[in-house]
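Structure first, then comments.
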Amino acid sequence: MAAEITVDVESLAFGGDAVGRQRDPDGARTADDGRVTFVPLAAPGERVRVRIERAKGKVAWAELTAIDAPGPDRVPPPCPLFGTCGGCQWQHVTLPAQHAAKHAVVARALALAPDSLPPVIAASVAYGYRDRCRLAVGAGGMLGFRARRSHDVVDVQACPLFGPELARALPALRAMARGLAPGVELDVQAGADGVHVNVVRADPTSAAQARREVDRLSAAGVVGLALAGKSTSGQADVDVAEPGSAPLRVPADGFAQVGRAGNAALVAAVLDAVGPSPGAVLELYAGSGNFTRHLVPIATSVAASDGDPGAVERGRRNVPGASWSLRPVAGAADTAVLDPPREGADRAHLTAAAAARRRIVYVSCDPQTLARDARTLAVSGFHLAGAVALDLLPQTFHVEVVARFERD
């Protein structure tokens, strides 16, 4: 067995691990003294013992074996599965420490002075905020999330992140899963009118089991069931709009933000960055119309596009006041709004955005790819004029950023 190494933990890193430096507890200097080491489940300010799993150059990755000196931000995680389940990374640290870490990650990625980035917006309550999830079926029909650093399925009887609709539906979903094959996954989306479920990769036996469970699911608040994205019974989608906003109907296999309260904060941040008179708006990666609903009333026109035909069709129904297409519409707009996937915007979409006459508002769930694309936009004549970070997913390392770029 590998020898234990002492690490002084300094901070939380994007990706979920804590990061610190190896130390010789007796004060003697060794070849690895000071080596940067990533340690999951550790907290800032701690001295811990770890087992090195792998190393490359001046960086190592380890597993926590003991905590010699707990940090001031460590708290007891409320979920008994924390550390085994891969759904959360930071239940063991306080929410202010999580926000501080997310703030530092965004400021560093965008090369901003820490005091020039506003405090992280607490867009969601600490627990009970999730309206959507993807569950996996494991051996013996167990249902849960993937394990930390593994494809194994952890049996999840309850999740403290689930909002009330998901929590109510979970027992019925677990009962259905007992007749589903391992490897089947369930997309689950809660909305104002109930819960929609999509069964992914179902073999014929699993599909038949899902159909048999319709009544049980209905009693638990499930208003629609789909198999591989094709509606089978009940509603074809649910309304995921934040309270007081225009409807936004999305099926379980369509994209929506993780919770309605968090989405309300995100929409507010985007509208603030766009400004009250954005002129003609080009919206890229528009999805099913989440931001489009709010842009149409204040813009002179909105040309929205998304590469997913299903999303575009839903967008046309959700927001008929915008023009919709599968590709960006040629021609300059006054303002461009884009919300790309985690890997960032591709060249075609960046080129389309950079044709905007005044402003670009970029919504990102990955500060690193945002920073990369910001450099591309700088070459096209845009400078970063402001950014705000939002915590839509407490207890995880994920952070949302709304960045505003102005033409030079």
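Between the Trp90 side chain and the Gly16 main chain, a donor and an acceptor come within less than 3.5 Å of each other. Gln98 contributes a side-chain N or O that, together with a main-chain N or O of Gln395, makes up a donor-acceptor pair within less than 3.5 Å. Checked by atom type and distance alone, the side chain of Thr6 never pairs as donor or acceptor with a backbone atom of Arg49 at under 3.5 Å. Between the Gln22 side chain and the Arg35 main chain, no donor and acceptor come within less than 3.5 Å of each other. No side-chain donor-acceptor contact under 3.5 Å links Arg47 to the backbone of Ala69. Under the 3.5 Å distance criterion, the side-chain polar atoms of Arg249 are left unmatched by any main-chain donor or acceptor of Ala236. Side-chain atoms of Ser305 do not come within 3.5 Å of backbone N or O of Ser325 as any donor-acceptor pair. Listed for the Gln91 side chain is a donor-acceptor partner under 3.5 Å among the backbone atoms of Cys79. Judged purely by atom type and a 3.5 angstrom limit, Asp373 uses its side chain to pair as donor or acceptor with the backbone of Ala345. With Glu213 contributing its side chain and Ala210 its backbone, the two residues share no donor-acceptor pair below 3.5 Å.
Aromatic ring centroids of His349 and Tyr285 lie under 6.0 Å apart.
Exactly one of Ile121, Leu392, Leu271, Val388 qualifies for a side chain to side chain contact (heavy atoms under 4.5 Å, CB included) with Leu266. That residue is Leu392.
Side chain to side chain, Asn290 and Gln257 fail the donor-acceptor criterion of an N or O pair below 3.5 Å.
The structure places CD of Glu313 at 11.0 Å from CG of Asp308, a figure rounded to the nearest 0.5 Å. Remark: His92 NE2 to Leu12 CG distance equals 6.0 Å, nearest 0.5 Å. Considering CZ of Arg260 and CG of Leu248, their distance stands at 11.5 Å, rounded to 0.5 Å.
A salt bridge links Arg293 with Glu242; the closest basic N to acidic carboxylate O contact falls under 4.0 Å.
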(request) Let me see the working for Val39 and Val19 under side-chain contact (heavy atoms from CB on, under 4.5 Å), right down to the final yes or no. (result) CA-CA 6 Å; Val39 186; Val19 61; over 6 Å; no

(message) side-chain hydrogen bond (donor to acceptor under 3.5 Å, both in side chains) for Gln209 and Ser206? Distances and angles first, verdict last.
(response) CA-CA 5 Å; Gln209 163 70 359; Ser206 297; over 6 Å; no

(message) Let's go through His196 and Asp237 carefully: what are the C-alpha distance in whole Å and the side-chain angles of both, what is the deciding distance for side-chain hydrogen bond (donor to acceptor under 3.5 Å, both in side chains) to 0.1 Å, and is it a yes or a no?
(response) CA-CA 6 Å; His196 193 262; Asp237 49 32; over 6 Å; no

(message) Evaluate Ile360 against Leu377 for side-chain contact (heavy atoms from CB on, under 4.5 Å), listing each step before the verdict.
(response) CA-CA 9 Å; Ile360 297 172; Leu377 293 175; 3.8 Å; yes

(request) Would you please test Glu10 and Arg21 for salt bridge (charged side-chain N to carboxylate O under 4.0 Å, His left out) and show each step? (result) CA-CA 8 Å; Glu10 298 171 352; Arg21 294 183 181 274; 3.6 Å; yes

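With sequence neighbours excluded, the residues forming a side chain to side chain contact (heavy atoms under 4.5 Å, CB included) with Asp187 are Arg134, Asn198, Val200, Ala252, Asp253, listed by chain and number.
Note on ring orientation: taking the six-membered ring where Trp is involved, the planes of Phe397 and Phe14 are perpendicular (angle over 60°, cut-offs 30° and 60°).
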